[in-house]
There are 4 protein chains.
Amino acid sequence: MSKGERTKQLIIERTRSLFAKKGYDMTKTSEIAKACNLSEAAVYKYFHSKKDLLIACVTPNEEQPPKQDAKELSTESLIKIYVKEKINWIEKHQEQLKILLTESLHHHELSDIYLQQIDQENGYEKEIITRINKGEMKLISDFLLFRLGFTSSVLSILNHERISKKKYDLHFSEALKEELTAFALYGLLGKK
Amino acid sequence: MSKGERTKQLIIERTRSLFAKKGYDMTKTSEIAKACNLSEAAVYKYFHSKKDLLIACVTPNEEQPPKQDAKELSTESLIKIYVKEKINWIEKHQEQLKILLTESLHHHELSDIYLQQIDQENGYEKEIITRINKGEMKLISDFLLFRLGFTSSVLSILNHERISKKKYDLHFSEALKEELTAFALYGLLGKK
Amino acid sequence: MSKGERTKQLIIERTRSLFAKKGYDMTKTSEIAKACNLSEAAVYKYFHSKKDLLIACVTPNEEQPPKQDAKELSTESLIKIYVKEKINWIEKHQEQLKILLTESLHHHELSDIYLQQIDQENGYEKEIITRINKGEMKLISDFLLFRLGFTSSVLSILNHERISKKKYDLHFSEALKEELTAFALYGLLGKK
Amino acid sequence: MSKGERTKQLIIERTRSLFAKKGYDMTKTSEIAKACNLSEAAVYKYFHSKKDLLIACVTPNEEQPPKQDAKELSTESLIKIYVKEKINWIEKHQEQLKILLTESLHHHELSDIYLQQIDQENGYEKEIITRINKGEMKLISDFLLFRLGFTSSVLSILNHERISKKKYDLHFSEALKEELTAFALYGLLGKK
DNA sequence: TATGAATGAGTGTTCATTCAT
DNA sequence: TATGAATGAACACTCATTCAT
């Protein structure tokens with residue numbers, strides 16, 4: 001990675017953090033430059049506009065690592081593992097997701113990226129959808145809506161925890177993860 | 001209601017709509033004035049600042065009407081009715097709630113109003129909490145988190161529908177309401 | 001005095017006070033109205049503009065009462081009495097004079113009023129000028145300049161006292177009056 | 001001096017002139033920018049607010065050069081020289097002083113700067129105060145008041161001359177300087 | 001690669017003033 | 001005589017963006 005590329009990456013990371021904390025509109029280009037120890041002009045060498053930089057901050061940079069097994073699992077285990085992974089993934093990408101959740105409401109170009117981000121199908125999801133189609137699972141008909149709603153829930157709960165505990169870089173407690181998993185599990189499983 | 005009071009109310013309604021559609025920062029005071037058929041100066045006679053107006057737009061103006069029965073219902077019916085009411089309530093107040101969801105992330109004064117709005121306990125909720133405490137229902141331990149997550153979900157699904165169908169003042173389809181209700185029902189009920 | 005005239009007078013007095021305390025530019029018409037327990041519109045019935053009101057506030061409303069003796073006095077007594085009267089007069093009209101001193105620097109229409117106010121000749125001054133012309137007193141050649149400078153001095157000292165003592169409606173101490181009188185006396189008398 | 005520093009200095013000088021001529025409130029930031037051949041935004045890079053700029057315009061930038069002799073002079077010569085120097089100093093710094101005189105009446109932050117500006121003691125003043133204390137001179141008890149009053153007088157006379165002669169950058173005539181000196185001399189000396 | 005210097009086009013806000021009632 | 005309601009025209013200040021060096 002050349003120096004230019006490293007600088008570009010650094011700008012993205014620092015700016016993502018700012019956008020997540022303060023929102024796109026309230027983050028000034030001067031703050032971005034300061035956070036990167038660069039002049040504003042320098043930042044503009046890497047990104048042609050503030051909006052370009054926003055796009056860069058929310059564009060997924062790494063793919064989900066491919067997953068094992070799935071087929072062998074019982075439906076219950078399948079959902080459990082899937083949901084837990086989902087929670088971890090949200091936790092890990094919370095900055096990008098928070099930006100997407102917030103800004104996609106008003107910058108419609110971001111809506112597509114948000115959906116695309118949320119709609120990535122890993123091994124588990126494929127298997128779940130297969131089973132739904134086979135009738136082995138009853139499920140909310142549009143699985144995207146589940147993912148959308150679930151992501152929003154998790155993000156807003158994370159955010160609430162962050163504000164109410166006044167600590168910034170918060171992670172979920174294991175207990176909360178368990179509860180969320182259980183909730184989604186039975187919600188998804190539905191009536192026996 | 002005097003003329004002044006009517007004008008004030010009108011400003012709130014028109015502005016709420018704008019804030020919900022375009023976001024607080026992207027709604028200019030000039031647009032607000034135009035939407036109200038007033039000069040900017042006139043708007044400022046009613047609200048001392050744009051932020052004051054924001055607060056007015058999200059401050060709950062009417063309380064939930066008190067509810068009937070509750071005690072007599074089976075747990076399943078109780079939750080079902082409760083969730084359905086909740087969905088209707090969210091649908092009805094979606095503009096305020098969308099503003100709160102979005103802006104409370106960055107304007108921390110709004111967080112409290114958001115929580116207070118979400119945390120209103122009507123008759124059903126009291127009964128649910130009673131039953132949880134009696135052990136008749138297993139439930140997500142902090143009921144507030146459920147409400148928070150559920151509200152976010154519903155709002156973001158509503159929003160997604162709105163964007164993907166390109167129709168503005170959207171209501172939920174009954175089918176979707178059913179699905180959401182079922183999801184929440186079994187999620188809340190948990191394993192038998 | 002009719003009710004209208006009384007109201008007009010009241011507006012002048014209250015406003016003069018405000019202008020003196022806060023300056024013309026920093027006194028808002030809304031404050032003026034509030035200080036008078038009137039609506040802004042009502043104030044505009046009496047004065048066609050803010051500037052009109054300013055003029056009214058600094059226009060001398062009452063003449064110097066005519067004075068006794070003068071001719072019989074020794075030069076020293078003459079100056080002493082004259083200066084003391086002058087100080088008392090400044091003290092009494094300090095609000096008008098402060099406004100004039102300050103605002104005439106930038107609103108040139110006021111310069112004339114300021115000079116006219118300062119240039120009023122009472123019995124003492126006439127006698128002093130007579131004696132100067134007869135050569136009985138050596139004096140600063142342009143007596144107006146003396147009055148101008150002296151008035152400014154007294155006002156700025158009054159003002160300094162007011163600020164440093166943090167009391168608003170201050171009067172000079174007798175001791176200070178004595179000193180000022182002595183200073184002016186010997187300054188005017190000059191070398192023997 | 002870097003380009004930035006030169007620009008900053010230029011802004012101060014041009015703005016000082018405007019403030020002195022038109023007053024703080026009546027000088028618009030747009031005029032300041034125009035007078036400096038800069039955009040308003042550029043001016044704001046150098047000064048965070050109009051008030052900051054005001055402060056910069058009245059903050060003394062250079063100290064009085066230390067003076068010679070003093071001790072050897074007769075009291076009369078001492079005062080004469082001192083007063084003449086004072087007049088020259090006021091004449092030289094008339095813009096700053098006029099701003100201070102006018103604006104300190106309403107912007108109380110400036111009062112301190114005004115006093116500090118006026119209260120600088122050069123060699124002559126120290127010697128005068130020494131002699132007062134020794135009883136060799138009778139004097140107005142609070143020397144600060146003399147300086148305050150004297151400065152105001154000189155400024156307002158200067159101003160009057162400026163207005164009545166309709167010439168802007170006026171200097172005192174030598175004759176007037178003599179008269180003012182004489183007046184102050186005998187005022188300060190008092191009765192023999 | 002990096003920046004110091006500069007700006008056009010806003011942005012929220014203020015205020016003296018008007019007028020129908 | 002008095003005012004509630006409204007506004008045009010400004011104003012201080014901001015910010016994303018550009019460009020010569």
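We use all heavy atoms of the structure for the numbers below, so side chains are in, but hydrogens, waters and symmetry mates are not. The model shown is predicted, which means the values in this text are computed figures rather than measured ones. Below, chains carry the letters A, B, ... as their sequence lines are ordered, and counting in each starts from 1.
Using a 4.0 Å heavy-atom criterion, one finds that C:Gly4 contacts no nucleic acid atom at all. Contact annotation for A:Ser2: no contact, since no heavy-atom pair falls under 4.0 Å across all strands.
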In dot-bracket form, 5' to 3', how is DNA chain F paired? Count Watson-Crick and G-U wobble pairs only if both distances fall under 3.5 Å, and write | where the partner sits on another strand.
.||||||||||||||||||||

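Per the geometry, CG belonging to B:Asp52 stands 14 Å off P belonging to E:dG12, to the nearest Å. If you measure from atom CD of D:Glu5 to atom P of E:dG4, you get 13 Å, rounded to the nearest angstrom. The distance from atom NZ of D:Lys34 to atom C1' of F:dC11 is 14 Å, rounded to the nearest whole Å. Taking atom CD1 on C:Ile11 and atom C1' on F:dT1, their separation rounds to 11 Å, with Å as the unit. B:Phe47 places its CZ atom 16 Å from the C1' atom of E:dG12, with the value rounded to the nearest Å. We find that NZ of A:Lys51 is positioned 12 Å from P of F:dA16, with the value rounded to whole Å. Rounded to an integer number of Å, the gap from CE of B:Met26 to C1' of E:dG12 is 16 Å. Distance CD (D:Glu31) to C1' (F:dC13): 16 Å, rounded to an integer number of Å.
Picking from F:dT7, F:dT17, E:dC15 the nucleotide with the shortest atom distance to the side chain of C:Lys28 gives E:dC15. Of the candidate nucleotides E:dG12, F:dA6, E:dA6, E:dG12 has the atom nearest to the side chain of B:Lys50. For C:Thr29, counting side-chain heavy atoms from C-beta on, the closest listed nucleotide (F:dA6, E:dT17, E:dT3) is E:dT17. The side chain of D:Ala42 has E:dA6 as its nearest neighbour among F:dT1, E:dA2, E:dA6. Of the candidate nucleotides F:dA2, E:dA2, F:dA6, F:dA6 has the atom nearest to the side chain of B:Thr7. Side-chain atoms of A:Leu38 lie closest to E:dT3 of the nucleotides F:dA2, E:dT3, F:dA6.
For the segment residues 100-108 of chain D, no residue has any heavy atom less than 4.0 angstrom from an atom of DNA chain E.
Judged by distance alone, with hydrogens and angles left aside, the side-chain atoms of A:Glu5 form a donor-acceptor pair with the main-chain N or O of A:Ser2 at under 3.5 Å. Side chain of D:Arg14 to main chain of D:Cys36: no donor-acceptor pair is present (N/O by atom type, distance under 3.5 Å, no hydrogens or angles).
Along DNA chain E, the nucleotide nearest to B:Asp25 and the one nearest to D:Tyr46 differ in position, and the one closer to the 5' end is contacted by D:Tyr46. Comparing C:Tyr24 and D:Asn37 by the nucleotide of DNA chain E whose heavy atom lies nearest to each, the residue mapping closer to the 5' end is D:Asn37.
Sorted by first and then second residue, the pairs that involve residues 13-44 of chain A and meet ring pair (Phe, Tyr, Trp, His ring centres under 6.0 Å), not counting sequence neighbours, are A:Phe19-A:Tyr24, A:Tyr24-A:His107. Pairs engaging residues 17-44 of chain B under the salt bridge (charged side-chain N to carboxylate O under 4.0 Å, His left out) rule: B:Lys22-B:Glu31 [sequence neighbours left out].
With sequence neighbours left out, D:Thr102 forms a side-chain hydrogen bond (donor to acceptor under 3.5 Å, both in side chains) with no residue at all. Scored by the side-chain hydrogen bond (donor to acceptor under 3.5 Å, both in side chains) test, B:Thr151 finds no partners at all (sequence neighbours excluded). Take C:Ser17 and apply the side-chain hydrogen bond (donor to acceptor under 3.5 Å, both in side chains) test, not counting sequence neighbours, and it matches C:Glu95. Under the rule for a side chain to side chain contact (heavy atoms under 4.5 Å, CB included), the partners of B:Leu158 that lie at least two apart in sequence or sit in another chain are B:Gln94, B:Phe172. Taking the side chain to side chain contact (heavy atoms under 4.5 Å, CB included) definition, one finds that A:Ala41 meets it with A:Ser39, sequence neighbours left out. Shown here are the side chain to side chain contact (heavy atoms under 4.5 Å, CB included) partners of B:Ser104, two or more places apart in sequence or in another chain: B:Leu110, B:Ser111, B:Tyr114. Every residue meeting the side-chain hydrogen bond (donor to acceptor under 3.5 Å, both in side chains) condition with D:Glu109, not counting sequence neighbours, appears here in chain and number order: D:Lys51.
Two residues are said to be in side-chain contact when any heavy atoms from C-beta on lie closer than 4.5 Å; D:Ser152 and D:Leu155 fail this criterion.
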Write out a two-atom table: protein N or O, nucleotide N or O from nucleotides 18-21 of chain E, distance below 3.5 Å.
none

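The side chain of A:Lys3 places an N or O atom within less than 4.0 Å of a non-bridging phosphate oxygen (OP1 or OP2) of E:dA2.
For the atom pair CD1 of C:Ile32 and NZ of C:Lys50, the computed distance is 6.0 Å after rounding to the nearest 0.5 Å.
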